Amino acid sequence: MSASPLSAVQSAAENLLGQSWLAMIARIAVTLPFLLSGVAKLADFGGATAEVRGLTGFEPAALLAVLVIMTQLGGSALLIAGGRYAWIGAAALAGFTAIATLFAHAFWLKPATERFLHQNIFFEHVSIIGGLALLAILAARSCRGRAR
C-alpha cells in the first residue's frame, strides 16, 4: 500500500523544517531589522541619542541610546547563535519592541491624520513581539530538553 500524497508532503515538510540551516536563516531574518537599526545607531550615535530623546524625553538620552544599541545587537547575536542563551536574546528583543512601540506608535495619542498609520505599525509590532516570545519559549524548551 502506498503512502497518501498528504503524508508525503508532510514528511517532506518535516524534513525541511528539521534542517539546521533553515533555522539559522529564520533567526537571521527575525533579527535583521534589529541588526540594521543597531548598526545604523552606532554609525550615527548623535542621531540615535536625538531619536531616544525625542521619543521618550528621558535623560541622559545617550545612556538610553547605548542600552538600546546593546539590546538590539546583543539580543540579535544571542538569538542568531542559538543554543542555551537564545531565549534571552528573543526575550530582550521582545521587551525592547514592546517598550519602543508604546513610545513611538501609541496610535490613540496621535492626531487623526496619523492614527491609521500608527495603528497599523503598532499591531505589526505586536505580531513581532508574539513571534519573538514564541522563539523564546521554543528556545527555552529546547534547552530543557537537552539538559534531560
Side-chain angles (χ1 to χ4, degrees), residues 9-148:
V9 170
Q10 182 175 352
S11 177
E14 288 174 355
N15 184 40
L16 179 64
L17 294 174
Q19 301 296 314
S20 61
W21 60 265
L22 184 59
M24 173 65 82
I25 289 173
R27 291 193 305 268
I28 291 171
V30 167
T31 61
L32 194 57
F34 300 102
L35 284 171
L36 294 174
S37 178
V39 169
K41 284 178 175 69
L42 269 181
D44 181 13
F45 188 72
T49 302
E51 180 183 21
V52 167
R53 182 176 292 119
L55 285 174
T56 67
F58 293 154
E59 292 294 342
L63 176 62
L64 194 52
V66 168
L67 293 174
V68 166
I69 293 168
M70 288 175 54
T71 301
Q72 289 182 316
L73 296 179
S76 295
L78 287 172
L79 186 54
I80 290 171
R84 186 176 191 174
Y85 301 110
W87 72 269
I88 295 171
L93 293 174
F96 163 75
T97 303
I99 293 167
T101 300
L102 288 173
F103 277 105
H105 304 291
F107 61 88
W108 55 91
L109 300 176
K110 302 293 182 184
T113 55
E114 298 176 21
R115 194 166 296 144
F116 182 70
L117 170 68
H118 286 282
Q119 182 178 342
N120 286 338
I121 296 170
F122 182 90
F123 287 112
E124 286 173 0
H125 287 190
V126 168
S127 176
I128 292 168
I129 292 165
L132 287 165
L134 183 58
L135 284 173
I137 292 165
L138 293 174
R141 285 183 183 169
S142 176
C143 286
R144 279 187 295 202
R146 276 187 247 136
R148 291 181 187 165

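Quantities reported herein were computed from a predicted structural model and do not represent experimental measurements. Sequential numbering from 1 along the given sequence is applied to the chain's residues.
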> So, for A91 and A136, which heavy atoms are closest and what is the spacing to 0.1 Å?
Replying inline: N-CB, 4.1 Å

> When H105 is tested against each of Q119, H118, K110 for side-chain hydrogen bond (donor to acceptor under 3.5 Å, both in side chains), which residue passes?
Replying inline: H118

> So, do T101 and V126 sit near enough that their side-chain heavy atoms are less than 4.5 Å apart?
Replying inline: no

> From I69 CD1 over to L42 CG, what is the distance, rounded to the nearest 0.5 angstrom?
Replying inline: 4.5 Å

>> Counting only heavy atoms from other residues, nucleotides and ligands, does the tally under 6.0 Å from CZ of R115 exceed 12?
In response: yes

>> If I take atom CD1 from residue I121 and atom CZ from residue F107, how far apart are they, to the nearest 0.5 angstrom?
In response: 12.0 Å

>> side chain to side chain contact (heavy atoms under 4.5 Å, CB included), that's the test. Do I128 and F34 meet it? Break it down for me.
In response: CA-CA 11 Å; I128 292 168; F34 300 102; 4.3 Å; yes

>> Measuring from atom CD of E51 to atom OG1 of T56, what distance do you get when rounded to the nearest 0.5 angstrom?
In response: 10.0 Å

> If every non-hydrogen atom of A86 is compared with every non-hydrogen atom of L79, which pair is closest and at what distance?
Replying inline: O-CD1, 3.8 Å

> Just wondering, are more than 12 heavy atoms of other shown residues or ligands nearer than 6.0 Å to OH in Y85?
Replying inline: no

>> Using the rule given for side chain to side chain contact (heavy atoms under 4.5 Å, CB included), can you reason through V66 versus F45, listing the C-alpha separation, both sets of side-chain angles and the distance that settles it, and then say yes or no?
In response: CA-CA 9 Å; V66 168; F45 188 72; 3.7 Å; yes

>> Which residues pass the side chain to side chain contact (heavy atoms under 4.5 Å, CB included) test with V39, not counting sequence neighbours?
In response: L73

>> Using 0.5 Å steps for rounding, measure from the CG atom of L36 to the CD atom of Q72.
In response: 10.0 Å

> What closest approach, in Å, do A61 and V52 show between heavy atoms, and which atom pair accounts for it?
Replying inline: O-CG1, 4.0 Å

> Mind checking whether F58 and L63 have side chains closer than 4.5 Å, heavy atoms only?
Replying inline: no

>> Using side-chain heavy atoms (C-beta onward) and a distance below 4.5 Å, is L102 in contact with F122?
In response: yes

> Measuring from H125:NE2 to L132:CG, what's the distance to the nearest 0.5 Å?
Replying inline: 11.0 Å

> Which atoms form the tightest heavy-atom contact between A94 and A133, and what is the distance?
Replying inline: CB-N, 4.4 Å

> F96 and T71: which non-hydrogen atoms are nearest, and at how many Å?
Replying inline: CB-CG2, 3.7 Å

> Nearest heavy-atom pair of S76 and T31: which atoms, and what distance?
Replying inline: OG-CB, 3.6 Å

> Going through the checks in order, is the side chain to side chain contact (heavy atoms under 4.5 Å, CB included) test met by L78 and L93?
Replying inline: CA-CA 10 Å; L78 287 172; L93 293 174; over 6 Å; no

> Rounded to the nearest 0.5 Å, how far does CG of D44 lie from OG1 of T49?
Replying inline: 8.5 Å

> Are the side chain of S142 and the backbone N or O of L138 linked by a donor-acceptor pair below 3.5 Å?
Replying inline: no

